[in-house]
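The structure presented is a predicted model; accordingly, all values stated were derived computationally and were not measured. Every heavy atom of this structure was used, including side-chain atoms; hydrogens, water molecules and symmetry mates were not. Convention: sequence-line order gives letters A, B, ...; per-chain numbering from 1.
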Amino acid sequence: MTTQISRRTTPRINVWDLLARFREVGIIVFILLLGAVVTLRAPSFLTVNNFRDILMNISILAIVALGQTIVILTKGIDLSVSSMIGLVAMMVGFVMRQYPETPIFLIVLLGMALGTIAGSFNSIIITFGKVPPIIATLGTLSVYRGLVFFYSGGTWVNSFELPQSIKMLSKGRLFGVPNLILIALFISIIVYLFLKFTRTGRNIYAVGSNVEAAEYAGIRPQRIIFLVYLISGLLSGIGAVLWVSRFESAQTNTALGFELQTVTAAVIGGVSISGGVGTVTGVVLGAILLGIIQNALTLVRISPFWQLAAQGLLILIAVVLDKVIYTRVARN
Amino acid sequence: MKNRYLIISLVTLIIFSFALSACAPADPEPPVVEDVEEVEEVADPAECENYVLVPKNLGNPYFDTGNVGAQEAAGELGITVLYQGSATADASEQITLLNSLIAQQVCGLAISANDEDALVPTGQAAMEAGIAVVTWDSAIAPAGRDLHINQAELEGIGRVQIEMASRLAGPDGGEIAILSATSTAPNQNAWIEVMEQVLTEPEYANLELVEIVYGDDDDTKSYNEAQALFTKYPDLKVIIAPTTVGIAASARAVTDADLIGQVFVTGLGTPNQMREYVKNGSAPEFALWNPADLAYLSVYAMHALATGEIQASAGETFTAGRLGEYTVEDDPDLGLNVLLGAPFVYDADNIDDFDW
Amino acid sequence: MTVETINKNQQENIISDRQARKSFFSIFLKWEWLLFVLILLVIFINTRLSPFFLNAINLSRTSSDFMEIGLMMLPMVLIIVTGNIDLSVASNMGMSASLMGLMHNMGINIWLAALAGLTLGTLGGVLNGYLVAYVKLPSLVVTLGTFAFFRGIAFGFLGDQAARNYPSQFTFIGQGRVFDTLIPFSVVLFIALALIFGLVLHRTIIGRQLYAIGNNEPAAKYSGVPVEKIKFILFIVSGFISALAGLVLAARFGSTRPDNGTGLELAVITAAVLGGLDINGGKGSMYGATLALVLIGLLRFGMGLLNIQSQVQSMVIGLLLIVSILVPHIGQQIRFLKQVKFRWQSILMTVGLLVVFTAFFIFFFWSRAPIIAQF
Amino acid sequence: MTKSILKLKDISKSFSGVEVLHRVSFDLQPGEVHALLGENGAGKSTLVKVITGYHQPDHGDIYLDDALVQFVDTRDSRQAGIAAIYQELSLFPDLDVAENIFVGRHPQSFGLKVDWRKLYDEAHELLDSLGVTIDLKQKARHLSIAQQQIVEIARAFSINARILIMDEPTSSLTLSEVAELFALVNNLRENGTAIIFISHRLEELFEIADRVTVLRDGNYIATTKSKETSRDDLLRKMVGRTISSQYPKTEAPLGEVVLQVDQLTSEGLFTDISFEVKSGEILGMAGLVGAGRTNVAESIFGIRPATSGKILINGLEVSINSPQQAIGLGLAYVPEDRQQHGLIPAMQITPNISLPKLDDFAKYTWILNKKEKKFAYSAALQMEVRARSIWQLAKELSGGNQQKVVLAKWLSTHPRILILDEPTRGIDVGTKAAVHKLMSDLAADGLAILMISSELPEVIGMSDRIIVMREGFITGHFMRSEATQENVINAATKDVRIENLS
């Protein structure tokens with residue numbers, strides 16, 4: 001941007017330094033390498049259809065992982081996202097079943113509102129109750145899941161009970177691109193702008209980087225922390241509506257276990273668990289990498305029994321590589 | 001200062017615990033405490049009224065439908081059948097639940113097992129405590145139960161799915177794939193085995209089984225697996241999904257990918273979940289027994305066992321209400337079992353007759 | 001914050017070697033005592049509500065249901081005291097048991113197979129420990145990765161197969177009872193290990209060093225505490241005990257499948273935290289964690305006897321977890337609220353939240369009404 | 001009397017039942033530099049935090065321009081035109097320099113979007129006016145302590161406050177940087193800004209302050225014009241008694257060389273460091289903050305082992321890869337950062353003291369509580385730690401007493417070589433004298449002491465010999481007799497690069 005100002009920048013351009021400054025480059029390189037290997041073994045990997053499938057599959061993950069990222073930026077964690085998705089999906093599903101003519105934008109708004117309310121419950125426990133985030137959301141993880149069950153009485157909302165409007169929300173296409181992908185892209189851009197170009201967004205980084213200093217600087221950390229769980233709930237709410245739309249059903253176990261995937265996507269995307277570090281591009285790429293790993297393992301016909309192990313191993317490799325790069329840079 | 005808050009917390013927790021116990025369903029006449037010493041005794045069959053239907057997990061419409069049948073049977077027999085399951089389809093959770101049911105000295109348990117082997121010790125403990133143990137839908141190994149209520153012969157279920165697949169693939173046959181539930185589900189694996197055998201028959205020589213994948217009875221995973229299948233095998237004709245979650249997910253994947261008419265889905269599913277896909281042509285036909293009937297029969301069998309009407313030996317017969325008379329059979333693999341009947345094939349013509 | 005109360009000119013002894021005097025009641029207000037009281041309360045209420053609760057056979061059978069969680073909780077307590085976490089315990093347990101099952105299926109002697117399982121679990125711990133202690137990755141991240149990795153290996157070993165027909169000498173570990181009493185062998189194993197772990201934590205040099213690491217890791221390192229080595233060993237021990245828990249589970253089930261024990265890691269962490277452990281490290285005791293395990297076990301069993309649905313049971317445990325952390329902070333909250341000057345914003349916010357929550361619950365019940373009517 | 005811009009009346013504040021401020025009054029006039037003086041624990045920092053609204057007073061009033069005000073948080077005080085540099089550095093390690101300056105007040109366009117270009121331009125201007133160049137895109141994590149302090153100062157200046165509070169802003173600045181800062185402060189004063197200035201360097205107060213207010217033990221003692229008072233007078237007011245000779249260094253007979261360091265190098269941190277310390281000797285290590293002295297000490301102690309070079313103890317070459325090994329070899333290290341590295345604040349005094357040598361209080365790893373308690377008690381008594389009990393939490397003690405606990409802890413290991421890193425930083429005058437006395441006594445008993453200090457009078461007053469470091473190199477070596485403030489400063493600011501080229 002304003003390069004003439006940074007007079008004392010290190011003139012030597014170093015591969016490690018580049019990798020660290022643009023962490024995303026590392027993920028892209030990893031994706032390309034993986035893609036190359038997979039294409040050699042399974043040419044069908046490199047088709048438009050396959051890529052559309054991969055993107056479809058990770059769209060909801062990316063959206064919710066962005067919420068997770070915002071939370072992790074403040075040193076927190078939101079384990080309850082999966083249950084929030086389950087709860088909101090079920091409630092939205094019920095409304096759609098009962099009132100199939102409801103305009104779709106109202107449904108989306110409803111999902112956002114319900115998600116935000118669920119998130120605000122986390123916020124209250126964490127900010128006013130001073131409960132560590134991991135414990136609070138571990139608790140609400142089972143509480144919200146219990147509510148899903150209580151709410152639905154164990155029943156599901158099935159595909160035929162849902163109106164076409166909700167199904168088209170994700171499946172409709174604009175210029176040949178499924179809406180779901182466009183929605184995910186749109187939300188990513190919004191979150192990017194929010195984190196990069198608003199004071200509140202910057203304050204989230206500040207609070208995650210040093211809470212006390214933030215307080216000295218006139219930021220109210222409690223408000224920021226309140227806000228991030230709200231946002232996580234909001235994005236989970238959107239994720240829930242999209243979930244109903246894409247999977248054409250709302251079940252009692254909707255999104256079960258999804259929370260760890262969102263954390264994984266964030267971590268692979270370079271978000272630091274100790275707060276203050278992480279970018280939207282990184283997380284989106286992290287989600288894409290996860291999607292590609294899943295897709296590729298199936299395509300190259302690795303025995304289904306070993307796929308999970310390969311996935312875990314790749315995650316470990318990604319994290320260790322990142323650390324190696326970081327230490328190399330720190331040493332220079 | 002600090003102490004005061006701790007006292008507050010103590011009081012709050014106490015109140016909280018009382019609130020917990022208030023969650024208990026209103027039990028009009030809690031049994032008296034003196035009974036404790038007599039618990040060891042085998043429940044008196046004549047007075048036995050409390051039975052439990054245990055699904056793999058709660059919140060699954062397939063089992064919930066079963067409960068409808070079970071309640072119907074309970075009404076006819078004048079007994080109470082409780083519907084209790086674990087939150088997730090997990091063996092250790094189910095064992096914890098069964099232990100608390102055994103502790104209550106219920107008269108009979110009808111269990112859909114999450115793990116064929118892991119539940120054996122628990123099933124044995126229940127039988128030792130004088131509880132009638134039948135399994136339905138998914139069996140415990142013979143050592144861990146009295147009777148298994150078999151929804152349909154393995155042979156029959158496997159065969160009907162291959163038959164449907166053959167019909168859908170057309171006279172020229174083609175590539176087929178199987179999308180199962182978890183790789184550990186006993187009934188799935190048994191069916192797949194049968195299907196592989198049936199496929200070796202000359203009649204089905206034109207069908208080629210290209211891969212077996214696992215969707216873990218998880219909607220998302222099943223969907224992705226189905227998608228991967230037609231990416232990998234462009235000539236794929238039929239996906240057989242012998243699981244209610246998998247079949248719906250596969251049919252949706254086919255619909256979403258605009259492959260209706262090119263790839264067909266069949267397998268085992270429930271009418272409500274499949275209605276849409278039967279009508280849009282992605283899954284023109286599928287099979288299933290009626291879970292309500294299955295649970296209905298299970299309750300009758302459980303009651304017959306608990307009251308001593310049958311003793312769990314081969315050849316005995318008992319009457320199961322509207323379903324008529326059934327015989328206990330012995331099978332080298334399945335052990336003692338009662339067979340419900342042949343699976344029913346649903347298609348566009350008959351699906352609207354069912355609502356479950 | 002610098003607080004000094006002693007008058008600088010005083011001549012007498014400037015420091016005392018005695019603990020500050022506490023009132024008689026404050027001794028009973030420690031978290032561990034609260035748990036104890038809660039346990040008594042649960043026993044009392046449950047005994048009133050169900051005739052089957054205070055029954056030796058039932059309690060014995062139920063107690064063995066919680067022993068795998070208990071076993072894995074022991075090293076977890078030490079790990080949490082240092083401010084770390086191990087999410088991979090349940091996966092590790094699945095992996096070790098699966099290897100044992102695989103070898104058993106191949107006809108190898110069960111004890112040899114068990115030894116192999118224990119070794120593999122320990123190696124899993126070595127991987128975790130190495131990455132945490134020496135590569136210096138956050139334990140949450142590392143064990144999130146191995147959580148998937150280990151479980152994956154378990155599926156790789158056994159796939160759709162199960163291992164069954166373990167000899168009865170082996171199943172004794174999980175099903176047997178000691179000397180014709182009603183006490184399950186696994187409970188004895190747990191108590192013995194709990195004693196050892198408790199003593200290590202509270203009475204030995206290593207225990208002291210664990211607390212030092214949890215409270216201030218750099219300072220511990222500067223004081224000559226072998227931080228890396230201790231963390232490394234801790235994760236190895238956790239791996240070993242997870243494998244042991246895997247054997248106990250396999251023995252209790254009399255069989256092994258690769259998905260055995262899925263999700264138990266959250267139960268383990270819940271028990272530890274409910275026991276008063278600070279997730280950020282440095283605080284908590286082994287007694288507390290053990291009492292919390294007993295409390296959860298009794299609560300679950302009691303609710304099961306009352307036929308409360310499993311989802312509701314999880315909800316209650318989840319709420320209890322939140323409340324257990326929330327309540328000790330009530331004091332802080334009250335003080336905080338007292339400090340806050342009445343501002344229209346805060347009033348508006350409170351009212352707003354109340355309205356929103358009320359609306360939510362009205363909506364919640366209204367929208368599910370048609371379903372209720374169906375039943 | 002001129003009108004005061006800020007007036008505190010009878011401010012009291014307690015933390016968990018302990019009164020930290022007791023009816024303190026204070027007034028500040030526009031265009032004056034008002035110094036706040038007191039030992040550590042006197043309540044200066046708390047008073048600052050009360051003024052900025054970080055803490056709320058339990059009792060008493062704050063008047064701004066003679067109007068009663070109430071600050072609920074730091075936002076309120078900032079809106080009222082109060083800016084502060086806090087004692088603890090409060091930067092955001094993950095944000096870059098420019099953003100650190102403007103956190104919470106990012107310049108915006110359209111009242112919505114953060115204007116990054118403007119932000120970098122303004123940051124650039126601001127640092128220029130301070131006469132420093134720091135890479136604006138550098139993450140604060142990678143800055144040296146002096147650079148961090150400069151960024152803090154830039155941040156406080158950027159607010160254009162009417163009242164500027166500076167709590168120990170100069171503790172790690174070089175003399176020329178201090179001079180630049182004072183020039184700016186004078187500039188602000190002329191423009192009518194009122195400044196509250198806190199420093200432990202008394203000399204600075206006479207240079208910059210118009211008036212001085214002294215606090216002691218949370219009580220207001222006196223306010224005087226700085227021209228009308230003397231150093232001794234201020235010291236007496238601060239401590240409440242007269243301080244005797246400041247540097248009680250006695251000549252001790254020198255023995256054998258105990259610690260010898262030969263061409264120690266750690267890439268990027270320091271190069272070719274060689275020196276030796278004899279038994280009974282205090283070797284002073286001078287230099288600016290960030291010269292690499294702490295790195296040398298840490299590598300000797302095994303925390304970050306050096307990449308090449310030799311360490312000899314009693315003439316034998318040793319390899320030290322961890323603090324445990326160092327302790328085993330008779331080394332002890334009192335680190336610079338007490339809160340982070342020296343103590344475990346959340347633990348009691350006893351376990352803090354016994355931590356490095358737990359083996360001594362244990363039998364087969366089993367801790368013998370009585371033995372440990374007895375030992376900790378005698379160590380605390382010997383060091384005159386002032387606390388209610390040895391079971392009090394370390395974090396409840398004042399800075400000076402915390403340092404005593406750290407010393408007690410390390411002396412309990414019976415070291416032969418003691419490394420002290422800034423042993424008197426941030427502690428009160430009374431404790432400072434006690435620490436100096438202790439050092440002298442220990443040397444007399446035959447210990448070899450390596451003392452790192454940024455306070456020149458201390459280095460010159462306490463050392464037998466002095467080595468000076470600059471940017472990772474040794475740039476000077478003086479005997480006690482030949483060391484003066486001038487030649488030590490010259491060595492500490494010598495341009496190393498030129499010397500290396502030649």
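Among the residues in residues 269-276 of chain C, those with a non-hydrogen atom closer than 4.5 angstrom to a non-hydrogen atom of chain A are C:I269, C:T270, C:V273.
No more than 12 heavy atoms of other residues, nucleotides or ligands shown are found within 6.0 angstrom of NZ on C:K283. Summarising the local packing, OH of C:Y130 is surrounded by 12 or fewer heavy atoms from other residues, nucleotides or ligands at distances under 6.0 Å. Atom CZ of A:F226 sits in a crowded spot, with more than 12 heavy atoms from other residues, nucleotides or ligands closer than 6.0 Å.
Of the two parts of A:V143, the backbone and the side chain both hold a non-hydrogen atom closer than 4.5 Å to a non-hydrogen atom of chain C. Of the two parts of C:I85, only the side chain, counted from C-beta on, holds a non-hydrogen atom closer than 4.5 Å to a non-hydrogen atom of chain A. Both the backbone and the side chain of C:V356 come within contact range of chain A, judged by heavy atoms closer than 4.5 Å. The contact between A:L141 and chain C is made entirely by side chain atoms (from C-beta outward), counting heavy-atom distances below 4.5 Å. Both the backbone and the side chain of C:T146 come within less than 4.5 Å of a heavy atom of chain A. Interface residue C:I322: backbone and side-chain heavy atoms are both found under 4.5 Å from chain A. Neither the backbone nor the side chain of A:V148 comes within contact range of chain C; no heavy atom of the residue lies under 4.5 Å from a heavy atom of that chain. For C:I153, the parts sitting under 4.5 Å from any heavy atom of chain A are the backbone and the side chain alike. Both the backbone and the side chain of A:I125 have a heavy atom closer than 4.5 Å to some heavy atom of chain C. Only the side chain of C:L127 comes within contact range of chain A, with heavy atoms under 4.5 Å apart. Contacts between C:Q309 and chain A at a heavy-atom distance below 4.5 Å involve the side chain alone, from C-beta outward. In this structure, chain C has a heavy atom under 4.5 Å from the side chain of A:L110, while its backbone stays farther away. Proximity to chain C (any heavy atom under 4.5 Å) is restricted, for A:I134, to the side chain, taken from C-beta onward.
In this structure, the separation between OG1 on C:T350 and CZ on A:F128 is 7.0 Å, given to the nearest 0.5 Å. Between C:I279 atom CD1 and A:I135 atom CD1 the span is 4.0 Å, to the nearest 0.5 Å. How far CG of C:L144 is from CD1 of A:I273: 8.0 Å, rounded to the nearest 0.5 Å. From A:L308, atom CG reaches atom CZ of C:F149 across 10.0 Å, with rounding to the nearest 0.5 Å. Distance CD1/A:I117 to CZ/C:F357: 7.5 Å, rounded to 0.5 Å. Rounding to the nearest 0.5 angstrom, the gap separating the OG1 atom in A:T252 from the CD atom in C:Q311 is 7.0 Å.
In this structure, the side-chain contact (heavy atoms from CB on, under 4.5 Å) partners of A:V277, at least two apart in sequence or on a different chain, are A:S272, D:D94.
Taking the six-membered ring for Trp and the full ring otherwise, the centers of C:W366 and A:Y99 sit less than 6.0 Å from each other.
Among all heavy-atom pairs drawn from C:V142 and A:L316, the shortest one is O-CD2, 3.7 Å. Heavy-atom minimum distance, C:L321 versus A:G139: CD2-N, 4.1 Å. Closest approach of C:G318 and A:S142 over heavy atoms only: CA-OG, 3.6 Å.
Looking only at side-chain heavy atoms (C-beta outward), C:M315 and A:F149 stay at 4.5 Å or farther from each other.
Ring geometry for A:W306 versus C:F157: interplanar angle over 60°, hence perpendicular rather than tilted (30 to 60°).
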